[in-house]
Amino acid sequence: MADPKGFLTTPRRLPPRRPVDERVRDWNEVPAPGGLLPIISAQAGRCMDCGIPFCHEGCPLGNLIPEWNDLVSRDDWLRASERLHATNNFPEFTGRLCPAPCESACVLAINQPAVTIKNVEVAIADRAWESGQVTPKPPDRLSGRTVAVIGSGPAGLAAAQQLTRAGHTVAVYERDDRAGGLLRYGIPEFKMEKRHLDRRLEQMRAEGTKFRTGVDVGTDMDAAELRARYDAVVIAVGARAWRELPVPGRELAGIHQAMEYLPMANRVLEGDYARPPITAEGKHVVIVGGGDTGADCLGTVLRQGAVSVTQLDIHPRPGDERTEGEPWPTYPKIYRMSAAHEEARELAASPEADVDARVFAATTVRFEGTPPDAGRPNGGVRALRLVGARADGESGPGTERVLRADLVLLALGFRGPERDGELLDQLGLELDERGTVARDASFATGAEGVFVAGDAGRGQSLIVWAIAEGRSAAAAVDRYLAGSTTLPAPIGPTDLPMTA
């Protein structure tokens with residue numbers, strides 16, 4: 001503990017963001033370049049090095065947070081990177097994308113602002129890359145065993161890297177044309193520039209992991225034949241079966257799922273399109289869904305030049321502080337403003353929207369549209385009709401409103417892995433009552449040698465849980481192949497986050 005009084009003398013401080021009017025004109029990351037390093041050692045010094053660090057419980061990866069906080073406060077960046085990478089394969093991803101439940105569990109957060117754990121993490125990771133500390137770690141020898149990983153999101157990548165380093169020959173199969181899953185095409189560039197993903201993939205290739213992109217297992221190749229070619233298979237296809245909004249007018253043109261819209265915006269930056277097939281440019285946009293995916297749509301819509309945008313959330317506006325029903329150290333449902341909400345607040349032009357373009361306690365009852373024509377046989381959306389939602393789920397009388405909408409984006413979450421492919425059937429896998437792939441305590445499915453990791457088995461969750469699942473599933477596969485394992489397994493398949 002470098003500064004025993006750091007938590008008393010140093011206030012919490014976040015790095016500056018680039019000005020809104022600047023950042024909405026490009027796709028670069030929101031934080032101001034170089035804003036972390038001048039403040040991060042002092043921020044790390046706020047860590048109290050608790051006797052019982054509850055931040056460990058908030059993070060499923062088991063990150064050694066007090067240890068690398070102490071090392072950063074002493075400017076020992078090399079050892080800090082070693083401690084960080086000991087539990088997390090991709091800290092540059094989590095430091096940008098995770099909502100940091102570890103900070104909600106920080107002991108200091110009982111009565112003061114928490115340590116900026118997430119910022120310390122990303123500072124360590126970025127500095128490690130910039131100083132050449134992150135290098136390939138190929139195995140000393142090969143085991144002679146082979147593993148296929150289906151899916152290249154964070155769970156699949158974590159499982160693949162762990163198994164490759166254990167000496168197994170690993171091939172990752174990805175149906176998209178580039179590896180990365182939703183890290184590639186679902187996460188907007190302004191949240192994580194894809195250069196971070198690309199350099200980590202290059203590290204994995206240098207370690208020996210093979211990537212087979214543009215291969216949809218179950219369609220382009222039979223999954224049972226794939227299983228026969230490998231000693232083990234890991235299913236890490238995510239939970240990409242999106243939730244629908246079955247209300248009148250849903251068939252109108254101009255209403256799209258978020259995961260139809262966001263990948264096209266990312267593909268423009270990859271050079272695949274000059275202009276996205278679905279764009280918000282010059283349109284009045286309504287986003288249905290108040291979560292992180294909705295916020296990703298919001299930031300993307302603003303950068304594409306929408307005339308106005310409103311984000312609807314069916315839940316009431318949460319409070320600014322924890323309630324008695326959500327005690328420390330659980331992750332509370334409090335009012336949070338993302339960078340995209342900050343942008344919308346400054347740029348909002350719609351009089352129907354509140355100051356940050358969000359409408360809470362709102363339920364969509366129907367869409368209204370223009371008559372069919374030759375270009376739009378179902379007609380096009382022109383308005384969304386909503387009513388206020390009460391706590392009991394009923395609509396409040398006299399709360400009906402109409403919002404103009406040329407483009408509607410549905411960001412309602414996901415139900416589990418997609419069912420329209422043949423992958424699960426060809427392997428003989430079953431779904432549980434939640435709609436996810438059934439598995440046992442060792443991440444194994446009912447099919448011999450087939451394991452499942454990430455959202456495909458857990459359901460929609462956070463990136464830290466996906467990486468933890470990948471690491472744990474890798475340990476289970478290694479044990480299956482070798483009889484024992486030294487790979488860490490931070491969680492079990494039924495472990496849950498701390499909630500009230």
Between [Y] and [X], is the closest basic N to carboxylate O distance under 4.0 Å?
X: D272; Y: R267; value: yes
X: R303; Y: E343; value: yes
X: K194; Y: E270; value: no
X: E342; Y: R17; value: yes
X: K191; Y: D296; value: yes
X: R184; Y: E174; value: no

>> Applying salt bridge (charged side-chain N to carboxylate O under 4.0 Å, His left out) as the test, list every pair that has at least one member in residues 285-294; sequence neighbours left out.
In response: none
> Would you say the side chains of Q161 and N89 form a donor-acceptor pair under 3.5 Å?
Replying inline: yes
> Got a second to check how far I334's CD1 is from D320's CG, nearest 0.5 Å?
Replying inline: 8.0 Å
> Which residues pass the side chain to side chain contact (heavy atoms under 4.5 Å, CB included) test with R12, sequence neighbours left out?
Replying inline: L14, Q43, R46, E103, P113, A114, T116
> Taking only residues two or more places apart in sequence or in another chain, which ones pass side chain to side chain contact (heavy atoms under 4.5 Å, CB included) with P53?
Replying inline: C55, H56, P66
>> Against the six-membered ring of Y185, is R175 placed for a cation-pi contact (under 6.0 Å from the centre, within 45° of the normal)?
In response: no
> In this structure, which one of L97, T94, I40, L36 forms a side-chain contact (heavy atoms from CB on, under 4.5 Å) with V122?
Replying inline: L36
>> Counting only heavy atoms not in K333 (residues, nucleotides, ligands), do more than 12 fall under 6.0 Å from its NZ?
In response: no
>> What verdict does the side-chain hydrogen bond (donor to acceptor under 3.5 Å, both in side chains) test give for D3 and S73, after you've listed the backbone C-alpha separation in whole Å, the side-chain angles of each residue and the deciding distance to 0.1 Å?
In response: CA-CA 8 Å; D3 184 357; S73 71; over 6 Å; no
> Would a 4.5 Å heavy-atom cut-off, applied to side chains only, mark T300 and F190 as touching?
Replying inline: yes
> Is there a side-chain contact between C47 and I65 (heavy atoms, below 4.5 Å)?
Replying inline: no
